[in-house]
S.K.: 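The following block contains the structure, expressed as structure tokens.
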Amino acid sequence: MIAGTAVTTAAFAAEPASLPAASAPSTASASASAPMPSALVGKETPISVDRGDFVLRGALLEPPNFDGRWVALLIAGSGPTDRDGNSPGFKTDTLRLVAEGLARAGIASVRYDKRGIGESANLLLSEEKLRFTDFSEDAAAWVDWIRRDGRFRRVAVIGHSEGSALGMLVAQAKPVDAFVSLDGPADDLVTTLERQLKRQLEPVPPVWAQTQKVLASLKRGETTSEVPQFAGLQGLFRASVQPYLISAGRVVPVAEIAKLKIPVAIVQGGNDIQVLPDEGQRLKQALPDAQLRVFTGMNHALKDGKKGDLMAYREPVLTEGVVDFVAGFLKAASK
């Protein structure tokens with residue numbers, strides 16, 4: 001889902017029943033309202049990063065008796081998503097559960113509210129000027145914060161959904177020791193939107209034909225005013241967000257992951273309907289040295305659930321073994 005004006009990002013979020021939520025910036029803000037982790041999980045400390053015109057706010061979760069070996073930066077997926085992985089009216093706590101699972105394994109983590117969301121919500125930013133790389137630069141600023149802090153020997157970037165594509169850019173730009181993709185797409189945003197929209201609009205041929213023309217324009221790097229007057233497409237492709245879509249369409253994860261020279265792990269859910277199961281395989285093919293683990297019954301929220309069952313996204317526990325695999329990968333990478 002795209003997010004935006006005051007703003008967040010775009011596209012690989014939980015797909016609703018009609019037209020991808022991953023689509024057009026939204027001024028709604030989510031709040032990080034999950035309970036603080038118990039002392040058994042670790043100590044959570046508020047942190048912030050000054051981005052010049054605004055301040056991003058987040059949290060550092062340190063395990064009990066932390067040895068300083070690993071800290072993971074968690075990057076959320078698309079849409080108005082807060083540090084815990086929640087959006088307005090849709091609570092999954094995916095990132096909070098990942099952070100707590102890592103803490104139990106002795107790994108610290110940083111997670112944050114994206115610009116325009118949660119405690120970073122008081123930002124008056126122009127939707128027209130928003131670009132995909134603005135979000136990767138925000139994430140990179142958190143890596144700088146971690147390095148300046150000095151308590152951590154190794155830094156991992158863990159990106160969920162669209163956060164995976166952002167994380168690939170961060171891992172190229174900053175000194176990072178490992179990268180993990182959690183249900184990350186293989187295709188760029190515009191191609192992903194095309195796949196999602198085709199399934200929903202192909203039964204309406206005139207609308208689908210018009211939509212294909214819009215998508216073709218965006219792929220060429222051109223804006224267009226010829227947007228179909230149909231069920232949300234005007235919002236999805238509004239003029240102010242088209243430059244963002246064009247910028248996101250230029251970031252192709254299968255190309256970006258191939259550039260990484262650090263240990264990489266890919267986690268893919270077999271029941272994911274936002275990022276298709278074969279996309280994990282395609283990322284692996286682009287970087288053969290990467291470790292790939294497919295969890296057959298897992299959905300896009302890293303939880304067990306049947307395909308298309310969005311209520312399963314709200315389950316209070318992650319798929320068994322997901323965090324253990326990530327923690328094991330990081331510990332092995334430090335040897």
Side-chain angles (χ1 to χ4, degrees), residues 1-5 7-28 77-81 87-90 92 127-128 130 132 161-162 165 183-254 269-279 282 299-301 305-313:
M1 168 180 237
I2 290 182
T5 340
V7 244
T8 50
T9 146
F12 310 99
E15 184 178 309
S18 64
L19 291 186
S23 350
S26 158
T27 54
S78 61
T81 311
S87 299
F90 201 73
T92 69
E127 179 174 278
E128 293 84 351
L130 182 68
F132 190 80
S161 190
E162 182 185 82
D183 279 338
D187 294 315
D188 65 89
L189 169 58
V190 177
T191 300
T192 298
L193 282 175
E194 184 174 29
R195 169 177 57 80
Q196 293 178 348
L197 290 170
K198 179 179 181 180
R199 185 170 66 247
Q200 299 177 47
L201 297 179
E202 210 169 24
V204 191
V207 174
W208 175 230
Q210 278 187 285
T211 302
Q212 285 180 293
K213 291 180 181 179
V214 173
L215 293 166
S217 293
L218 297 176
K219 288 181 178 181
R220 292 193 302 268
E222 302 171 358
T223 60
T224 178
S225 60
E226 302 297 319
V227 177
Q229 298 279 348
F230 183 82
L233 291 174
Q234 287 284 314
L236 173 58
F237 295 122
R238 63 185 177 275
S240 58
V241 80
Q242 287 186 32
Y244 177 90
L245 295 174
I246 290 169
S247 71
R250 293 171 177 152
V251 178
V252 184
V254 287
N271 282 348
D272 193 338
I273 62 170
Q274 278 71 43
V275 175
L276 301 182
D278 74 328
E279 296 190 63
R282 291 169 57 204
N299 62 26
H300 195 61
K306 295 179 181 179
K307 287 186 178 182
D309 180 9
L310 295 185
M311 292 306 297
Y313 285 42

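The first residue in the sequence is number 1, and the count goes up from there. Nothing here was measured: the structure is a model prediction, and the numbers come from that model.
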S.K.: For G270 and P277, which heavy atoms make the closest approach, and how far apart are they?
M.R.: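 The pair with the smallest heavy-atom distance is O-CG, 3.4 Å.
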S.K.: If only atom types and distance count, is the side chain of R238 paired as donor or acceptor with the main-chain N or O of G235 below 3.5 Å?
M.R.: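 Checked: pair present.
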S.K.: Would you compute the distance between atom CG of L130 and atom OG of S240 and round it to the nearest 0.5 angstrom?
M.R.: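 Here the interatomic distance stands at 10.0 Å.
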S.K.: When rounded to the nearest 0.5 angstrom, what distance separates CZ in R250 from CG in D188?
M.R.: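 R250 atom CZ to D188 atom CG measures 11.0 Å (nearest 0.5 Å).
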S.K.: Starting at CD of Q229, measure out to CD of Q210 and round the result to the nearest 0.5 Å.
M.R.: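 With rounding to 0.5 Å, CD (Q229) is 9.0 Å from CD (Q210).
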S.K.: With a 4.5 Å heavy-atom cut-off, do D183 and S161 have their side chains touching?
M.R.: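 The answer is no, as the side chains (C-beta and beyond) never meet within the 4.5 Å cut-off.
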S.K.: Which heavy-atom pair separates N271 from G305 by the least distance, and what is that distance?
M.R.: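 Reported closest heavy-atom pair: ND2-O, 2.9 Å.
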S.K.: If every non-hydrogen atom of A165 is compared with every non-hydrogen atom of F132, which pair is closest and at what distance?
M.R.: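 Minimum heavy-atom contact is CB-CZ, 4.1 Å.
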S.K.: Rounded to the nearest 0.5 Å, what separation is found between the CG atom of L236 and the CG atom of L245?
M.R.: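 Answer for the CG-CG pair, L236 versus L245, is 7.0 Å.
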S.K.: Kindly write out the residues that satisfy side chain to side chain donor-acceptor pair (under 3.5 Å) with D272, not counting sequence neighbours, or none if the list is empty.
M.R.: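 Checked D272 against side chain to side chain donor-acceptor pair (under 3.5 Å); matches are H300.
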S.K.: Considering residues at least two apart in sequence or located in another chain, which fulfil the side-chain contact (heavy atoms from CB on, under 4.5 Å) criterion with V207?
M.R.: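 side-chain contact (heavy atoms from CB on, under 4.5 Å) check on V207 returns L201, V204, T211, P228, F230, L233.
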S.K.: Could you give the distance from CG (L276) to CG (D187), rounded to the nearest 0.5 Å?
M.R.: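 Between L276 CG and D187 CG, I get 8.5 Å after rounding to 0.5 Å.
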S.K.: Do any side-chain atoms of residues 216-227 form donor-acceptor pairs under 3.5 angstrom with protein atoms, and if so which ones, sequence neighbours left out?
M.R.:
{"residue": "S217", "atom": "OG", "partner": "K213", "partner atom": "O", "Å": "3.2"}
{"residue": "S217", "atom": "OG", "partner": "R220", "partner atom": "NH2", "Å": "3.2"}
{"residue": "K219", "atom": "NZ", "partner": "E194", "partner atom": "OE1", "Å": "2.6"}
{"residue": "R220", "atom": "NE", "partner": "E222", "partner atom": "OE1", "Å": "3.2"}
{"residue": "R220", "atom": "NH2", "partner": "E222", "partner atom": "OE1", "Å": "3.3"}
{"residue": "T224", "atom": "OG1", "partner": "E226", "partner atom": "N", "Å": "3.1"}

S.K.: So V251 and L189, do their side chains get closer than 4.5 Å, heavy atoms only?
M.R.: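 The answer is no; the side chains never approach within 4.5 Å.
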S.K.: Could you tell me which non-hydrogen atom of P253 sits nearest to which non-hydrogen atom of A186, and how far apart they are?
M.R.: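 Of all heavy-atom pairs spanning P253 and A186, the closest is CD-O, 3.5 Å.
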S.K.: Test your reading of the model: is there a side-chain donor-acceptor pair from R282 to the backbone of P185, 3.5 Å cut-off?
M.R.: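 No, the answer is negative, given that no donor and acceptor are paired below the 3.5 Å cut-off.
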S.K.: Any chance you could measure L197, atom CG, to W208, atom CH2, to the nearest 0.5 Å?
M.R.: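 Answer rounded to 0.5 Å: 6.0 Å.
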